[in-house]
2 protein chains.
Amino acid sequence: MLSKKTKYAIKALVALGKNVENPPMQIVRLAEQEMIPRKFLEQILLDLRNAGYLYSKKGAGGGYSLNKNAADIYLADILRITDGPIAMVPCASLKFYRKCDECHDEKTCGIRKTFIDVRDATLQVLSRTSVADVIARETLDDLIS
Amino acid sequence: MLSKKTKYAIKALVALGKNVENPPMQIVRLAEQEMIPRKFLEQILLDLRNAGYLYSKKGAGGGYSLNKNAADIYLADILRITDGPIAMVPCASLKFYRKCDECHDEKTCGIRKTFIDVRDATLQVLSRTSVADVIARETLDDLIS
DNA sequence: AATAAAGACTACTTATTCAATAGACTTTGT
DNA sequence: ACAAAGTCTATTGAATAAGTAGTCTTTATT
């Protein structure tokens with residue numbers, strides 16, 4: 001399951017993506033609008049900022065805005081920042097590889113191979129879906145329904 | 001991440017799948033062989049049994065064996081027994097649907113749509129991979145290397 | 001019939017991780 | 001100078017996962 005942290009991160013990015021024409025958005029406003037606990041959101045935004053996805057400005061009139069085009073922010077990368085590995089077992093992780101405690105011989109582990117396939121299938125979606133895509137999908141259905 | 005419970009479950013099924021020509025295997029033996037805490041394994045096997053995947057026999061000479069052909073035991077179903085939903089968000093789950101707390105309007109939720117795609121991609125692998133496949137993949141590489 | 005070898009079931013405890021909160025510090029515009 | 005923002009680290013509380021314990025039931029063997 002996705003952590004709340006990750007859900008909040010995605011929601012924040014989507015909100016900032018929609019806010020791109022306007023002046024930077026303050027944490028407090030974002031927290032209220034998206035119903036995210038303020039101090040928790042603060043940490044999340046900080047992580048995203050330190051990873052280069054957000055631009056922030058201190059002081060009066062400050063706030064947060066996207067530091068990249070929404071179309072260049074992929075969910076896979078966000079998940080990795082907030083939740084760590086995408087693979088379901090550490091030994092199948094691309095970016096956070098760790099040996100499984102339970103695993104004797106990784107070379108012949110059928111479980112590992114299967115979960116590498118799962119990881120690839122997951123990434124097929126997540127590393128191609130951007131914040132812009134998520135926004136597009138929302139507004140698309142707004143129009144239809 | 002997969003829980004240890006699920007990893008243990010898969011390992012147990014694989015071990016029992018390999019043991020299919022022999023008399024039923026006792027919990028204690030299985031626990032030793034697969035390095036799984038005995039009492040924890042006991043619970044796991046019970047779950048798998050109650051779900052119809054294992055046959056068990058009490059008393060002297062008793063033990064556990066598969067109740068289905070290993071080729072008919074799919075990982076997706078096992079995961080659901082031991083870990084619950086496969087989807088990364090409850091609102092995208094096929095078998096364990098629940099509304100997300102954070103979600104206002106599910107109909108237009110871009111996050112939901114994306115994670116339905118992820119779920120489908122994951123199931124594409126997990127609902128086609130059986131215990132027999134896992135075993136095959138192990139022994140296959142035994143031969144090659 | 002007695003006994004021992006197994007599994008069945010339920011309850012409990014402990015450890016770990018997640019979610020949230022708190023507070024002191026820094027930067028910047030007016 | 002001051003207030004409005006973000007920065008950063010530490011701590012607390014809650015939930016879940018992992019593991020443990022103990023008693024009950026069934027069955028094969030003698």
Side-chain angles (χ1 to χ4, degrees), chain A residues 1-9 11-12 16 23-32 34-67 79 81-85 88-90 96 98 100-102, chain B residues 1-9 11-12 16 23-32 34-67 79 81-85 88-90 96 98 100-102:
Chain A
M1 283 279 156
L2 235 52
S3 67
K4 291 204 171 186
K5 189 174 178 183
T6 297
K7 284 191 209 164
Y8 292 157
K11 294 187 87 174
L16 292 174
M25 201 170 181
Q26 287 83 49
I27 296 177
V28 186
R29 272 189 56 213
L30 190 51
E32 277 173 8
E34 300 298 324
M35 309 260 283
I36 302 172
R38 189 183 120 254
K39 294 296 273 180
F40 195 18
L41 177 60
E42 212 172 293
Q43 292 176 19
I44 295 166
L45 293 175
L46 208 44
D47 286 346
L48 294 174
R49 176 192 171 275
N50 290 335
Y53 292 91
L54 298 179
Y55 165 81
S56 67
K57 196 177 173 192
K58 286 184 178 181
Y64 274 97
S65 49
L66 294 189
N67 196 35
L79 291 225
I81 292 167
T82 51
D83 263 359
M88 296 180 91
V89 289
F96 296 85
R98 243 181 347 105
C100 288
D101 331 330
E102 305 79 18
Chain B
M1 282 280 156
L2 233 54
S3 67
K4 292 204 172 186
K5 188 174 179 183
T6 298
K7 283 192 210 162
Y8 292 158
K11 295 188 86 173
L16 292 174
M25 203 168 178
Q26 287 82 49
I27 297 177
V28 186
R29 273 188 56 213
L30 190 50
E32 277 173 8
E34 300 298 324
M35 310 260 282
I36 302 172
R38 189 183 120 256
K39 294 296 272 181
F40 196 16
L41 177 61
E42 209 171 296
Q43 292 176 19
I44 295 166
L45 294 176
L46 209 43
D47 286 346
L48 295 173
R49 175 190 171 274
N50 290 334
Y53 292 92
L54 297 180
Y55 166 83
S56 67
K57 196 176 173 192
K58 286 184 175 181
Y64 274 96
S65 48
L66 295 187
N67 196 35
L79 291 226
I81 292 167
T82 52
D83 263 358
M88 296 179 93
V89 290
F96 296 84
R98 245 183 343 108
C100 288
D101 331 330
E102 305 81 18

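Every chain is numbered from 1, with letters handed out A, B, ... down the list of sequences.
- Across the protein-nucleic acid pair, A/I44 atom CD1 and C/dA19 atom C1' stand 9 Å apart, rounded to whole Å.
- Aromatic ring centres of A/Y64 and A/Y55 lie farther apart than the 6.0 Å criterion allows.
- Between the side chain of B/Q26 and the backbone N or O of B/G62, at least one donor-acceptor pair lies under 3.5 Å.
- An OP1 or OP2 oxygen of C/dA8 is reached within less than 4.0 angstrom by a side-chain nitrogen or oxygen of B/S56.
- Here the CG-CD distance, from B/L48 to B/Q43, works out to 12.0 Å after rounding to the nearest 0.5 Å.
- In this structure, A/R38 CZ and A/L30 CG are separated by 12.0 Å, a value rounded to the nearest 0.5 Å.
- Taking CD1 of A/I36 as the reference point, atom NZ of A/K11 lies at 6.5 Å (rounded to 0.5 Å).
- Straight-line distance from the NZ atom of A/K7 to the P atom of C/dA20: 11 Å, rounded to whole Å.
- Within the 4.0 angstrom heavy-atom criterion, only backbone atoms of the sugar-phosphate kind lie near A/M25; the bases stay farther away.
- When rounded to the nearest whole Å, the span between OH of A/Y55 and C1' of D/dT7 equals 15 Å.
- For D/dT20, the OP1/OP2 oxygens have no side-chain nitrogen or oxygen of B/R38 closer than 4.0 Å.
- The phosphate of C/dC9 (OP1 or OP2) has a side-chain N or O of B/N50 nearer than 4.0 angstrom.
- Atom C1' of nucleotide D/dA5 and atom CG of A/L41 are separated by 14 Å, given to the nearest angstrom.
- Residue B/M35 holds its CE atom at 10.0 Å from CG of A/D101, rounded to the nearest 0.5 Å.
- For the pair A/M1 CE and C/dA19 P, the computed distance is 12 Å after rounding to whole Å.
- Side-chain proximity of A/K39 to the nucleotides C/dC9, D/dC8, C/dA20 is greatest for D/dC8.
- Remark: C1' of C/dA19 and CG of A/L2 are 14 Å apart, rounded to the nearest angstrom.
- When atom types are taken as modelled, the side chain of A/D47 and the backbone of A/I81 share no donor-acceptor pair closer than 3.5 angstrom.
- Phosphate proximity of C/dG7 to B/R49: absent, as no side-chain N or O sits under 4.0 Å from OP1 or OP2.
- Comparing B/Y8 and A/Q43 against DNA chain D, the residue whose closest nucleotide sits nearer the 5' end is A/Q43.
- Taken from OG in B/S3 to CD1 in B/I44, the straight-line distance is 7.5 Å, to the nearest 0.5 Å.
- Taking a 4.0 Å limit (strictly below) on heavy-atom distances, residues 57-67 of chain A reaches DNA chain C at A/K57, A/K58, A/G59, A/A60.
- One can place CZ of B/F40 at 15 Å from P of C/dA15, the figure rounded to the nearest angstrom.
- Within 4.0 Å (heavy atoms only), A/I27 reaches sugar-phosphate atoms of the nucleic acid but no base atom.
- The nucleotide whose nearest atom lies closest to any side-chain atom of B/L46 is, among D/dG6, C/dC9, C/dG23, C/dC9.
- Proximity note for B/E42 (side chain, C-beta onward) versus C/dA19, D/dG22, D/dC8: the nearest is D/dG22.
- Atoms CG (B/L79) and P (D/dA17) sit 14 Å apart, rounded to a whole Å.
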